[in-house]
Amino acid sequence: MHDEPRSPKSNFIRQIVSDDLAAGKHRIVHTRFPPEPNGYLHIGHAKSIVLNFGLAEDFGGLCNLRFDDTNPHKENMEFVEAIKNDVAWLGFGWDDRLYFASDYFSNLYDYALELIDKGLAYVCELDAEQMREYRGTLKEPGRDSPYRNRTPAENRDLFQRMRAGEFPDGSKVLRARIDMASGNINLRDPVLYRIRHGVIHHQTGAEWCLYPMYDYTHPISDAIEGVTHSLCTLEFEDHRPLYDWTIDNLSVPTRPRQIEFSRLNLEYTVTSKRKLTELVSEGHVNGWDDPRMPTLSGLRRRGYTPAAIRDFCERIGITKSENRIEMQLLEDCIRDDLNKHAPRRLVVIDPLKVVLTNYDDTACEWLHAPHHPQDASLGQRQLPFCKELWIDRADFQETANKKYKRLVSGGLVRLRNAYVIRCDEVIKDDAGEIIELRCHCYPGTLETNPDGEKVRGVIHWVSARHGIPAEVRLYDRLFNVPNPGKDSGDYRTDLNPDSLAIRPNAVVEPCLASATPEQRFQFEREGYFCRDSKGTGLVFNRTVTLRDTWAKAGDSEA
RNA sequence: UGGGGUGUCGCCAAGCGGUAAGGCAGCGGCUUUUGGUGCCGCCAUUCCCAGGUUCGAAUCCUGGCACCCCAGCCA
């Protein structure tokens, strides 16, 4: 049960960083994680967080947390706080290096003036539709804007008046003056600034009516912060020439380098902020932290540990190839962590009464049960045992073949951490449903099996007199198909209607009554669960089932 | 002949001219008071295809093919 420190896997970015350091290009490596506060962080962001913070950590460098807050329309403080919370939960710190792109609004403005003075930026009055027409198409070059050749003086005056609020939204933009015929559309005089009146920015309030675009803001922010390696996802690859153009043409203090890697795609879920936002706003899930969501807050509420998520990010690697990771890998990561650390508990999710006919009516034994079968250092707890017990309905069948390792009529089974019992009688109600089992309890079988009789297997149980009622929520994959929306056209039609099954009548062993929010356990033979962090009731969320080779073998029920 | 990328086992992924790591999944077996865990074994004569260079190619060259991204005053 030891956690060997996992030495980070190498990847092409680590190689570049290591080469740069060896060549003396930088004193230290400096990265940044730059979320836009327009939604909650998801598992895909974790990949980037682990990459950026992990890289800095391993090379003795620094990683900043910087909010890319250049579009106040979509951003707000709730998201800022949630993101900080999630990054910290994952186990990363930014010390005093919490930045906002909006911290640099005035620097950005001054740099824009520098571009204007160099004849490299101009104020354009084409409206959005005209601009699209002038931009050309993927295969045809664009045409120069009629405003392209304004003098620096004229541009300076206009830009200053834009800032002063003299012009309405959409009437003017500041554009870079690069090349309208470039094969790379990002270089066809991209917009640098747009006018936005009347929005209250969560950091700068109403100070600005001018907001810079990402492509312009990002390289400058990186340069100001001394970022050496600016890591982003593949879709920004053809923005790199613009990133470099900006750095090359401005008197910025440092020269950061952008490197792209492929984003994470996970089977049976979606990792696009637009879709996650829709799942929440359209009520397909109960909020950003719904345990079915691939958000960090959802995974957290589901019972995932930071260690498991970091391990997952290490295991998937960093490359530039398109990928779609199987859910089984993520599940293996959390099972691996929880198997080692989660205390074991007995919980009956779908109770069936068992009466031990030969057991004293009033007796109660407190049996010892280890918290962990392979790790005695975790200690043990007491399990009350008495005449009436609950077992799970799925653990009894009137008849079954020899492969069935649970209780059958006339058969013997061991109660986990307790005695061996034999089912003598099946009681049914008028409808023919089994409502009770009358069993014989074999005394003296705490440590050994009864002589000459075959015990089919081991099942879990809870004392009916001592068990605590609880609600158990069984979660399954949010979508029915590996790539939601791929074939159906709309990912929503691939939603799994059975992604949540509530079991309101579960009975848990007594010590679980004091479980704290987010505390994780293995419910033996069922899976890993954690106490829900919302509400006051005794509610447990299933993180993941145990691996089940028997069910896989074809569900050969009997 | 728009521009930019990617193609190594079912899914990831090492490999950097010297003869295909590892993980997940899968399949056998052993252990087991969790059909769990642990342990052992099996799982790419072949690297998108076709030519070429070389004593030797997944790695170099040439030509194809497939897939992904780009025409927001989003990031």
Polar pairs (N or O, both sides) under 3.5 Å between protein and nucleotides 26-28 of chain B?
from: G26(B); atom 1: OP1; to: Lys552(A); atom 2: NZ; distance (Å): 2.4

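- Base orientation of G29(B): anti, since the glycosidic angle falls outside 90° of 0.
- Remark: Ser182(A) is not in phosphate contact with G2(B), judged by side-chain N or O atoms under 4.0 Å from OP1 or OP2.
- The NE2 atom of His372(A) sits 18 Å away from the P atom of U32(B) (whole-angstrom rounding).
- Using atom P as the reference point in both U45(B) and G38(B), the two lie 29 Å apart (nearest Å).
- Within 4.0 Å (heavy atoms only), Lys405(A) reaches at least one base atom of the nucleic acid.
- For the atom pair Ser221(A) OG and Tyr216(A) OH, the distance stands at 10.0 Å (nearest 0.5 Å).
- Ser321(A) has a side-chain polar atom (N or O) that falls below the 4.0 Å cut-off from OP1 or OP2 of A13(B).
- No donor-acceptor contact under 3.5 Å links the side chain of Arg335(A) to the base of G36(B).
- When Watson-Crick and G-U wobble pairs are counted only if both distances are under 3.5 Å, U62(B) pairs with A50(B).
- Here the straight-line distance linking atom CZ of Arg335(A) with atom OH of Tyr528(A) works out to 8.0 Å at 0.5 Å rounding.
- Using cut-offs of 30° and 60° for the angle between ring planes, the Tyr442(A) and His440(A) rings count as perpendicular.
- Looking at residues two or more places apart in sequence or on another chain, you find no side chain to side chain donor-acceptor pair (under 3.5 Å) involving Lys405(A).
- C47(B) sits 38 Å from C30(B) when the P atoms are compared, rounded to a whole Å.
- More than 12 heavy atoms of other shown residues, nucleotides or ligands fall within 6.0 angstrom of atom NE2 in His197(A).
- Residue Thr549(A) places no side-chain N or O under 4.0 Å from the OP1 or OP2 atom of G35(B).
- If you check every strand for non-hydrogen atoms under 4.0 Å, Arg344(A) touches a base.
- Among the protein residues, Glu447(A) comes within range of the nucleic acid bases, having at least one heavy atom under 4.0 Å from a base atom.
- Judged by Watson-Crick or G-U wobble contacts below 3.5 Å, the nucleotide C67(B) has G5(B) as its partner.
- In this structure, C74(B) makes no Watson-Crick or G-U wobble pair, since no nucleotide meets both defining distances under 3.5 angstrom.
- Between Val458(A) and Arg240(A), the one whose closest nucleotide on RNA chain B sits nearer the 5' end is Arg240(A).
- If you take NZ of Lys320(A) and P of U8(B), they are 16 Å apart, rounded to a whole angstrom.
- With sequence neighbours excluded, no residue satisfies side chain to side chain donor-acceptor pair (under 3.5 Å) with Arg196(A).
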Exercise for the section: Using a 4.0 Å heavy-atom cut-off, write out nucleotides 64-75 of chain B from 5' to 3' as B (base contacted by protein), S (sugar-phosphate only) or - (no contact). Expected result: ----SBBBSBSB
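- Across the protein-nucleic acid pair, Arg315(A) atom CZ and C12(B) atom C1' stand 11 Å apart, rounded to whole Å.
- Every residue two or more places apart in sequence or in another chain was checked for a ring pair (Phe, Tyr, Trp, His ring centres under 6.0 Å) with His202(A), and none qualifies.
- Atom name C1', nucleotides C74(B) and A13(B): the rounded distance is 33 Å, in whole Å.
- Taking atom CG of Asn323(A) as the reference point, atom P of G7(B) lies 11 Å away to the nearest angstrom.
- When the P atom of G10(B) is taken as reference, atom CG of Asp332(A) falls 20 Å away, rounded to whole Å.
- Atom CG of Asp395(A) is separated from atom P of G35(B) by 9 Å (rounded to the nearest Å).
- Distances shorter than 4.0 Å separate some side-chain N or O of Gln15(A) from OP1 or OP2 on G15(B).
- For the side chain to side chain donor-acceptor pair (under 3.5 Å) test, residues two or more places apart in sequence or in another chain that qualify with Asp58(A) are Arg14(A).
- Rounded to the nearest Å, the gap between the C1' atom of G56(B) and that of U46(B) is 16 Å.
- Nucleotides C48(B) and A58(B), compared at atom P, are 10 Å apart to the nearest Å.
- No contact: Arg175(A) has no heavy atom under 4.0 Å from any strand.
- Residue-level contact check: Pro241(A) touches neither bases nor backbone, having no heavy atom under 4.0 Å from any strand.
- The CG atom of Leu330(A) sits 9.5 Å away from atom CZ of Arg315(A), with the distance rounded to the nearest 0.5 Å.
- You'll find a donor-acceptor pair under 3.5 Å spanning the side chain of Gln522(A) and the base of U34(B), going by distance alone.
- Between Thr217(A) and Tyr104(A) the shortest side-chain heavy-atom distance does not fall below 4.5 Å.
- For the atom pair CG of Leu299(A) and OG1 of Thr305(A), the computed distance is 10.0 Å after rounding to the nearest 0.5 Å.
- Contact detail for Leu412(A) and Glu453(A): the closest heavy-atom pair is CD2-CB, 3.7 Å.
- The C1' atoms of C27(B) and A14(B) are separated by 24 Å, rounded to the nearest whole Å.
- Here the separation of U19(B) from C24(B), taken at their C1' atoms, is 28 Å to the nearest Å.
- We find that OH of Tyr404(A) is positioned 15 Å from C1' of U34(B), with the value rounded to whole Å.
- Protein atom CZ of Arg14(A) is 15 Å distant from nucleotide atom C1' of A13(B), rounded to whole Å.
- C16(B) and A21(B) have their P atoms separated by 12 Å, with the value rounded to a whole Å.
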